[in-house]
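As structure tokens, the structure follows; a few thoughts come after it.
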Amino acid sequence: MTETIATTDASPMGRPLRRKEDARLLHGQTNWTENIQLPGTLHMAILRSPMAHAKITHLDISAALERPHVVAAFSAKELGDLNGSVPCVWPVTDDIQMPAFPALAVDKVVHVGDCVAVVLATDKYAAADALDAIEVDYEPLPAVVDMEAAIQPGSPSVHDAADGSHGTNVCYTFPLQPQGPGAYEAAVAAAGDNAVVVKRRFINQRIIAGAMEPRAVVASPMGMSNEMTIWSATQIPHILRVLLALVTGLPENSLRVIAPDVGGGFGGKLQIYREEILAVQIARKLGRPVKWVETRSEDMVATHHGRDQIQQIEIAATKDGKFIGLKVEILANMGAYLQIITPGTPLLGMFMYPGIYKMDVYDFNCIGVFTNTTPTDAVRGAGRPEATFAIERIVDELAVELNMDPMALRKMNWITHEEFPYTTSAGLTYDTGNYEAATAKALDLFGYDALRAEQEQRRASGDPVQLGIGISTFTEMCGLAPSRTLGALKYVAGGWEHCTIRALPTGKIELITGTSPHGQGHETAWSQIASSILGVPVDDIEVVHGDTGRAPYGMDTYGSRSLAVGGQAIKKAAERLVEKARIIAAHQLECSGDDLEFVQGEFRVKGDPAKSQPLAAVAFEAFSAHNLPDGVEPTLQAEATVDPDDFSYPHGTHLCAIEVDTETGKATIRTYVAVDDVGVQVNPLIVEGQVHGGVACGIAQALYESVEYDKDGNLLTASLADYLIPSAVDLPSFTTDRTVTPSTTNSLGTKGVGEAGAIASPPAVINAVVDALRHLGVNDVRMPASPENVWRAIQVAQGGAK
Amino acid sequence: MIPIAFDYVRPGTIDEAIAAVVAAGEDGKVISGGQSLMPVLRLRLAAPSTLIDVGSIAEMSGVTDAGDHLLIGSNTTHYAVMNDPLVKEHAPLLAQTAATVADPAIRHRGTFGGSLAHADPAGDLPTVALALEATIVAKGPNGTREIEAKDFFVDYFTSALEPDEILVSVKVPKLGKGWTTHYEKFNRTAQAWATVGVAAAVRRDNGTIAEARVALTNMGPSPVRASSVEAALTGADATVDAIAAASANAADGTRPTSDLHASAEFREHLARVLTKRAVVTAAGV
Ligand SMILES: Cc1cc2nc3c(=O)[nH]c(=O)nc-3n(C[C@H](O)[C@H](O)[C@H](O)COP(=O)(O)OP(=O)(O)OC[C@H]3O[C@@H](n4cnc5c(N)ncnc54)[C@H](O)[C@@H]3O)c2cc1C
């Protein structure tokens with residue numbers, strides 16, 4: 001009944017409301033996991049491997065037990081059966097190699113930071129001090145860090161084969177050839193002399209998630225009855241509960257997982273970590289609360305990393321610029337172990353290499369590779385930034401080869417707005433989009449022609465500071481996804497989301513969501529959606545989340561899914577609540593439900609506005625139950641679980657103008673324009689924040705951040721002095737705008753936004769850097785485009801190869 | 001932060017501080033702003049048995065005009081230094097450089113003396129002290145001693161201070177008429193240390209450069225004077241070309257390291273480019 005949700009002028013949908021959670025957060029009225037202090041808590045400190053690859057030849061924890069305030073210490077031996085195995089829920093192929101991943105290493109360590117033993121003490125200082133007393137002898141084994149070396153025969157192997165013989169570092173091989181094997185080669189051959197082929201090797205470097213709040217966990221066996229309560233700085237309390245039950249054997253119905261205030265995640269907290277398993281198992285064994293708070297140094301080695309691909313990419317087009325096809329071969333670094341979705345992360349990008357372009361054939365292959373490094377997994381964008389970088393970079397290279405303007409080449413090949421829904425060469429069906437509109441708006445804001453003119457002039461005058469222009473016309477897939485599709489991809493869980501809405505007797509609304517925000521502003525946005533349907537003020541809606549005790553159903557927050565999927569559940573639950581209330585109101589007003597209209601939070605008898613009943617009164621009636629119609633049960637609540645029809649496909653056009661100092665190699669962004677199409681915006685202010693953060697994150701990858709190891713597997717970027725995260729001072733003022741092309745597969749018309757900026761921006765920046773240096777013979781600059789990488793690219797191009 | 005346990009004392013005078021340093025013995029460590037020492041403690045790279053916090057010793061703070069030089073108390077924060085009218089007038093190079101150190105929070109805590117005592121090859125202020133030919137005043141159980149900046153920075157994170165000495169103040173000579181200065185800092189993010197930095201001070205005599213001092217940050221274990229550049233600049237025309245030619249020698253005699261932010265080779269290149277820029281700006285060409 002569409003008229004029941006007709007929004008009025010008073011509707012908060014689409015308004016840039018300030019986030020209602022912020023006053024509390026900014027005033028420090030917060031509840032981080034570290035703030036949780038339970039009587040009798042034991043603090044856990046972890047002894048981590050200083051070696052990238054070694055046999056543990058001797059390990060004795062006993063001296064640690066003699067240290068003051070120490071209550072217990074464990075290595076794998078003492079933990080015995082409680083040393084659970086860390087799960088991976090995405091075995092992408094039938095023959096994937098899935099090595100054992102014990103919470104505490106058994107006999108062998110495989111990366112720097114691997115967990116070897118733990119100490120539990122009554123204070124955190126004593127626990128850290130006592131780590132010194134643990135005796136460990138390592139027999140170093142050769143380490144392998146470089147992926148290309150790791151897949152050579154005879155390379156040291158990170159894990160032995162199941163039968164104990166020398167293993168292979170190939171975790172899996174995953175091809176995707178929608179047009180069949182050999183179709184790409186055949187299409188290129190068929191084009192004969194008319195085909196132009198450009199090949200490149202791109203490195204999408206390893207980065208960290210870098211949440212402001214490091215990880216933390218408190219496991220308390222002191223709950224009611226047999227309950228074990230686990231507070232964790234996690235993005236996924238619901239999934240964590242299921243997995244902790246499976247790993248520990250504790251009954252799921254005795255586990256309660258709470259994600260209290262969580263200070264950022266960026267994928268790094270989309271995980272079940274060994275520290276969480278250890279805290280639960282040891283709390284269970286000792287019968288006392290166990291607490292672990294990660295240090296920043298641990299965060300660098302032990303929280304999963306992201307990206308890390310070597311891409312061989314080849315694009316074929318006709319001489320006049322029509323794309324024929326794309327061939328992509330990637331090596332994806334798994335690190336030393338498989339975490340929750342390590343193997344699937346690069347495959348989240350496999351459908352996206354064709355981007356927004358029409359082409360006949362697509363050929364993809366991914367080899368997952370083990371190395372003696374920290375495991376990788378999802379970090380903001382997870383697979384799609386890598387794909388988008390590859391396609392948007394190579395389109396620029398093709399434009400140069402064809403001597404065409406890079407924007408003209410894009411326009412010639414992109415899906416036009418009349419062509420939606422459009423099934424791409426990778427096999428996805430994009431529901432909607434309007435690349436023309438977003439691009440037109442971006443070009444307008446950017447001043448493309450004037451910048452090109454300035455570029456010409458700087459080139460002509462030999463200015464040491466050159467100007468470059470970079471384009472990224474991107475799309476991405478987020479809001480995973482119909483559960484059926486996830487099943488077909490061998491992902492263990494589904495992609496649905498849940499919402500329960502309760503109208504309380506006092507007229508207040510409790511909105512219980514299965515999403516688990518950690519900075520996104522769900523409390524405000526979710527209230528806006530419910531308010532627009534229920535007519536109740538935003539401030540009268542309390543959003544309950546992140547606690548499996550209070551919000552029992554959910555699939556949590558990652559992959560830009562919360563609004564795209566969870567928003568639909570809110571809408572459906574709210575509409576159901578209105579329908580139940582309508583029955584009660586009709587009874588009260590002695591009319592038929594069809595005679596009622598629901599406007600601004602009250603039921604009004606059509607044609608007789610004097611007769612009305614506000615929702616709050618209906619809620620009280622449902623509570624007192626004095627006069628309910630026959631067959632209507634007391635309480636006014638409704639729930640909905642929505643399995644999305646499809647992925648969500650946000651898109652946009654990002655343009656970057658960058659000044660490159662050719663003497664020092666320093667690249668400074670001058671103008672950055674981001675026009676995104678995220679469909680209907682519930683709260684444009686929150687969208688704006690997400691775009692800013694995402695773009696900053698992508699610029700950080702393009703210009704600053706990189707996880708570096710030496711050849712022995714020692715982490716060189718072990719602190720934030722070495723791993724450079726830019727701050728606001730280092731970033732330009734962004735020019736942003738939106739076009740709105742509502743999604744047709746989403747009942748709210750919304751799309752995801754959390755990752756879009758991080759996906760779009762790296763190629764815009766690098767294309768700009770390369771464009772600035774093209775006349776010097778440069779046709780690629782490695783990310784991050786640090787001063788030295790830029791300077792070296794110029795040196796090499798100028799023949800002074802270094 | 002989970003450092004190794006230590007004792008903590010907070011003397012109120014210089015003499016009390018020296019007594020505390022002597023009492024603590026080898027494993028004592030002086031702390032002032034803590035902006036370099038705390039990270040070291042956090043990483044458990046140092047395990048002092050006692051921290052002697054000199055931060056509240058009033059007689060070690062502030063800037064005074066001492067005639068031909070400024071006397072800057074060791075405890076004077078970067079923030080105070082960069083905003084001090086005397087420093088701005090008589091040692092603008094120091095004011096300008098202090099403003100480039102880290103971020104506002106760190107500048108409000110970190111101190112001038114601590115920065116020199118720390119002797120970080122990537123520190124900006126040691127380079128400025130060298131360029132301005134400052135003198136470091138240290139006091140220990142045997143009394144006060146003065147050390148010229150050129151003798152003070154001995155090696156990586158090593159100064160000429162004796163373990164029982166406290167850096168009390170710094171004498172910064174006034175540059176006098178005709179001198180103009182500039183610090184050219186090259187770093188990757190706003191609050192990062194210098195990849196390379198160049199302090200330049202120039203005295204112009206009409207169209208020529210009468211005198212020049214150039215000191216380099218992060219081009220070796222300690223700040224160094226680019227003496228061949230200085231020699232080439234003396235008497236040279238105050239033109240971009242002449243300065244560029246002189247700056248080509250900037251890496252001579254340096255020993256930069258390779259790290260994540262730059263290789264030694266790139267640092268040598270940067271030293272040349274940045275020296276040119278620093279001198280051009282200082283000379284107002
Ligand atoms: C993120 C970050 C960025 C930074 N960036 C820069 C930068 O760009 N440029 C730069 O120059 N610096 C930078 N610093 C360092 C900063 O300038 C520090 O303030 C300074 O190096 C040390 O001063 P402090 O007073 O904090 O010394 P502390 O940390 O207290 O002490 C440092 C060392 O000096 C010794 N010491 C301190 N005071 C005395 C004294 N009176 N007598 C004897 N010994 C003493 C201590 O024992 C210790 O060994 C940065 C620091 C951080 C954390």
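Labels below follow one simple rule: chain letters A, B, ... track the order of the sequence lines, proteins then strands, and each chain is numbered from 1.
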### B/T195 versus chain A, the contacting section by heavy-atom distance below 4.5 Å
neither
#### Entry: Any donor-acceptor pair under 3.5 Å from B/R188 side chain to A/S786 backbone
no
### Task
Determine which residues belonging to residues 725-734 of chain A lie within contact range of chain B, meaning some heavy atom pair is under 4.5 Å apart, and list them by number or answer 'none'.
A/I725, A/P726, A/V729, A/D730
Report, one line per pair, each donor and acceptor closer than 3.5 Å where one atom sits in a side chain of residues 694-702 of chain A; sequence neighbours left out.
unit_1, atom_1, unit_2, atom_2, d
A/Q701, OE1, A/R307, NE, 3.1
A/Q701, NE2, A/N204, OD1, 2.8
A/Q701, NE2, A/Q205, OE1, 3.2

### Query
How about A/R458: does its CZ atom have over 12 heavy atoms from other parts shown lying under 6.0 Å from it?
yes
### Message
Please rank A/D722, A/T664, A/L720 by heavy-atom pairs under 4.5 Å with chain B and give me the top one.
### Response
A/T664
### chain B contact via A/A721 - which portion, at a heavy-atom distance below 4.5 Å
both
### Atom group of A/D661 that falls short of 4.5 Å from chain B, counting heavy atoms
side chain
### Query
Taking A/K666 for the side chain and B/F186 for the main chain, is one N or O donor matched with an acceptor at less than 3.5 Å?
no
### Task
Go through the atoms of A/E708 and report whether side chain, backbone, both or neither lie under 4.5 Å from a heavy atom of chain B.
side chain
### Query
Would you say the side chain of B/E265 lies within less than 4.5 Å of the side chain of A/W791, judging by non-hydrogen atoms?
yes
### Task
Could you tell me which non-hydrogen atom of A/E788 sits nearest to which non-hydrogen atom of B/A262, and how far apart they are?
OE1-CA, 3.0 Å
### Message
Pairing donors with acceptors under 3.5 angstrom, does anything connect the side chains of A/R792 and B/S263?
### Response
yes
## Note on the structure
One should read off an interatomic distance between B/R44 CZ and A/D132 CG, to the nearest 0.5 angstrom, of 7.0 Å
#### Entry: Segment of B/H261 engaging chain A (4.5 angstrom heavy-atom cut-off)
both
#### Entry: Pairwise distance CG(A/N789) to CZ(B/F266) - rounded to 0.5 angstrom
9.0 Å
### Query
A/P784 versus chain B, heavy atoms under 4.5 Å apart: side chain, backbone, both or neither?
side chain
### Heavy-atom pair count under 4.5 Å with chain A, highest-scoring of B/L270, B/V273, B/L260
B/L260
### Query
For A/H43, what residues pass the ring-ring contact (aromatic ring centres under 6.0 Å, His included) criterion, not counting sequence neighbours?
none
### Query
chain B heavy atoms under 4.5 Å from A/L703: which part of the residue, side chain, backbone, both or neither?
backbone
### Task
Mind ranking A/S719, A/P787, A/S297 by heavy-atom pairs under 4.5 Å with chain B and telling me who comes out on top?
A/P787
### Query
Is the number of heavy atoms from other residues, nucleotides or ligands under 6.0 Å of B/Y79 OH greater than 12?
no
### Message
Is B/P3 close to chain A through its backbone or its side chain, or both, or neither, when contacts mean heavy atoms under 4.5 Å?
### Response
both
### Message
Need one label for A/T717: side chain, backbone, both or neither, based on atoms under 4.5 Å from any heavy atom in chain B.
### Response
both
### Query
Looking only at heavy atoms, which of residues 276-285 of chain B get nearer than 4.5 Å to chain A?
B/K276, B/R277
### Task
For B/R255, look at atom CZ and say whether over 12 heavy atoms of other residues, nucleotides or ligands are found less than 6.0 Å away.
no
### Query
Is atom CE of B/M1 surrounded by more than 12 heavy atoms (other residues, nucleotides or ligands) closer than 6.0 Å?
yes
